[in-house]
Amino acid sequence: MDLIAPTDRGLFCEAGDFHIDPWRPVPRAVVTHAHADHARAGSDVYVCHALTAPILRKRLGAVAIETAAYGEVLTRDGVEVSLHPAGHVLGSAQVRVARNGDVWVASGDYKLEADGVVVAFEPLRCRVFITESTFGLPIYRWRPQAEIMAAIDGWWRENAAAGRASVLYAYALGKAQRVLAGVDPSIGPIVCHGAIEPINALYREAGVALPPTRLAHEVADRRAFASALIVAPPSAAAGAWLGRFGDHSDALASGWMQVRGNRRRRGLDRGFALSDHADWPGLLAAVEATGAERVLATHGSVGPLTRYLREKGLDARVLSTSYGEEDEAPPSEGAA
Amino acid sequence: MKAFADLYRRLDRATATRAKQAAMVGAFAAAKADPAQWASAAWMVYFLSGGKPRQTVPTRLLRRLAVEGSGLPEWLVDECYASVGDLAETLALLLPEGAGDDHASLDHWMRERLLPLPKLDEEERYARLSLWVAALPESRRLVFFKLITGALRVGVSRLQVVKALTEVAGVDESRMAQRMIGYAQARRMPTADDFAALVADVEASEGAALDAGRAYPFYLAQSWQRPLGEMQQALGPPQDWIVEWKFDGIRAQLIRRGANWRLWSRGEELISDAYPDLEPLARALPAGVALDGELVVMIPPAGETRPDSLDGLAPFASLQQRLGRKAISEKTLRALPVALIAYDLLELGGQDLRGEPQRERRAKLESLVRETLDRGGRLPLRLSPVVSAETWEGLAEIREQARALGREGLMLKAREGAYGVGRRKGDDRTDVWWKWKLDPMSVDAVLIYAQRGHGRRSGVYSDYTFAVWSAGADAPQRALVPFAKAYSGLSDAEMREMDAIIRRTTVEAFGPVRSVTPTQVFELGFEGIAASKRHKSGIAVRFPRMLRWRRDKPVAEADTLDALRALLPPGGEE
């Protein structure tokens, strides 16, 4: 029997009686990380990494949470469960499930490049690897982080010199903090949106060094905006919040920005292809490092990735989940 | 090519018109200061203003390069292409990074490398292409592939290019627009001298250019879309306007200077050779004349002598058979003779009349047309008739007849207005040309196939095929019959929403096309409709677009083929 199987509520481990990242309420939810599409409300008990817990509380309120450190093994009904670094965002984890020597790993979301902010991805050996494949096409090959940060700095510097604000859209949890940690704070002041600042505080509490940031209303002299980097979630693009910054250039930091059309459709000045997901070479490397004989792809470009792996001789299949409603992750998300 | 790649990147990044303008001015000014760059700058202007050299590398070679260069299976390259929606960009994303040691200029690239390619055999072409790509730095790769696929759109209009050059040259804008006429013609090879002439500040030699038969930049009309009730207030009384029919032909300028004549299309292509039937007319005109008008197919009845008679005006479908043809048979010339319906006179006796009021140009035009036709010989020239009524309401009634007459609506031209350059913006200006078109015809149609779009719509299922029912709801058996494809009319947000619906309702995928379970109804508008044997539905529509997403309407209540046929013009059935 498969150790983990899809159900209408999410990936389910019957032997251990728990779900992984369920999209409907369940008794016991093992959560890989705190992004909204992986950590949904309504379950009785959440199991996650210790660093994910505060973010989960922030998002879901006072829910029952059991935490574990990376590598700590929890045993239930003869099933060993442990969390391992996924390198995606703070507290993100792969879930390793083992019973009688049969090892399964559910990756959650992950990236291979060490970003210097969160604990880097740890390759795990397993028989069955359940992988995400958000960017499962070879057009997605990320440039090294240092190069992208230099490009963001260059854009910010140029705007500051021209006296206009630099508005950078980045997902509130993870991407925003990665940008903050990577840019050159000597260029100008940094202002964060109200959805980002509380997450910054959690990162700082976890020991991540971030440059000083302020909320927009804390800036007394509006002229300061002209040289500022303003970090906001993509949803702020439509709001009135932007009005106060006057003349500005806008940009989005997201893996989707690899393709020009995605940027142009949004009418953005710049797009930085900075992603917290694995790119195509990253997915292939991760699959190879597991030594898995079976690969199940859950969301994103599942079709091409599994077909490619099958042609390489692996038993690779699409695992239909509720994320699987979209066979290609929508460029409209911008969260990746 | 570095200068061009840098400019391309700056234009691509900028969304503000001002920033694009600044980028072009910077690049043109730098080139002007250095004669060594003129030849490459000439190509830059050519590409930015829409010039397209003929394709030097067939698409199959580019696909082979994508497959062999990336080492990926062909199906995966196809998946990537479908997701990106642009072959040039797909290549730039898939190929391994080049060495970056290529320093050839844009002119060298075009003249020495790309344009000679078609003379070589396929293997040699492929070998050269691979070598060049391997030497290109990453930053120049996209623009290179854009050059060879001919899909180099950077979101700048011709007018913006003209404005930037105007600033660099320090001449006035209409002068620059005229210098640019014909510059971006297909298969032209711009030279260093061309660029030098564009940015020159001396105007002494410009008369010679006029002798060469150059046209004037076309004055374009804006769409009048406000309600009838607002016309009096915004535009004043109809008596302040010269009102004419909006014809369904192609806009053209007929130039007669010295011993030469030229016919230019609105796309600023020289098309004289395709319309030898206009030569007798051109020869009959005095030298130093430029007429602006509509090229149509017209078979006038014998004995017709009125200058503004439109008898024998054939529908657009007839003209279509003359478009884009290089060799025209005697038979076609006899069966489908063209004529020019003139509506403006831009030059007379070698004098530029564009600054004169419309009414004065019109008066001169009327005399010229009469005198020319009085010489006899049944010349293919007509005067666009003036339409008049006391009130805007009266004109609106006349406009309603347009469809039955095979015309698109009415044109409004301010009596006191000059002949401008390009398209003037402004909501209620009283000195522009307005096109007051009929509301489009429309039916409620069902979306049955979707394809991912290109450019701005790349990667999103945004190009749709629409169908109507073969019979009414009470018919025992009925099917959806496809009749039109459309991709415009949705907002970006609606497009994304539709994209998700299409992915959810896909039945089957054939290459880039998906068939979907019919669930969505759209009000589909179009400008023209004609019977067609080439279409399964037996009907061809012109300029179809989505007017409204009918979320309220169930698929079963969409329109039928009969409803569509009812819109056919009388006698339009074959």
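All values below were derived from every heavy atom in this structure, side-chain atoms included, with hydrogens, water molecules and symmetry-related copies excluded.
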Are E311(A) and W75(B) close enough, and set up right, to give a side chain to side chain contact (heavy atoms under 4.5 Å, CB included), and what steps lead you there? CA-CA 12 Å; E311(A) 290 182 2; W75(B) 66 264; 2.9 Å; yes
Taking OH in Y126(B) as the centre, count heavy atoms belonging to other residues, nucleotides or ligands within less than 6.0 Å. Is the count above 12? yes
Roughly how far apart are L72(B) CG and I139(A) CD1, rounded to 0.5 Å? 11.0 Å
Output the option from T90(B), L95(B), L142(B), V77(B) having the highest count of non-hydrogen pairs under 4.5 Å with chain A. L95(B)
Neighbour count >12 (heavy atoms, 6.0 Å) for atom CD, E158(A): no
Is it true that, when you exclude R223(A) itself, more than 12 heavy atoms of the residues, nucleotides or ligands shown sit nearer than 6.0 Å to its CZ? no
Using atom types as modelled and distance alone, determine if a side-chain donor or acceptor of R270(A) lies under 3.5 Å from a backbone N or O of R13(B). no
Is it true that atom CZ of R551(B) has more than 12 heavy atoms of other residues, nucleotides or ligands lying nearer than 6.0 Å? yes
For R263(A), which atoms come within 4.5 Å of any heavy atom of chain B: side chain, backbone, both, or neither? side chain
How many angstroms lie between CG in L94(B) and OH in Y140(A), if you round to the nearest 0.5 Å? 11.0 Å
Below 4.5 Å from any heavy atom of chain B, which atoms of Q258(A) appear? Answer side chain, backbone, both or neither. both
Looking at chain A, which one of A493(B), A19(B), S70(B), P73(B) has the largest number of heavy-atom pairs inside 4.5 Å, strictly under? P73(B)
Apply salt bridge (charged side-chain N to carboxylate O under 4.0 Å, His left out) to the pair E97(B) and R141(A), showing each step before the final yes or no. CA-CA 11 Å; E97(B) 209 162 320; R141(A) 289 183 296 175; over 6 Å; no
So for atom CD, which belongs to Q160(B), do other residues, nucleotides or ligands contribute more than 12 heavy atoms lying within a distance under 6.0 Å? yes
Pick from D269(A), L137(A), V259(A): which one has the most heavy-atom pairs with chain B under 4.5 Å? D269(A)
Determine whether more than 12 heavy atoms belonging to other residues, nucleotides or ligands lie under 6.0 Å from atom CZ of R294(A). yes
D86(B) bridged to R260(A) by N-O distance under 4.0 Å: no
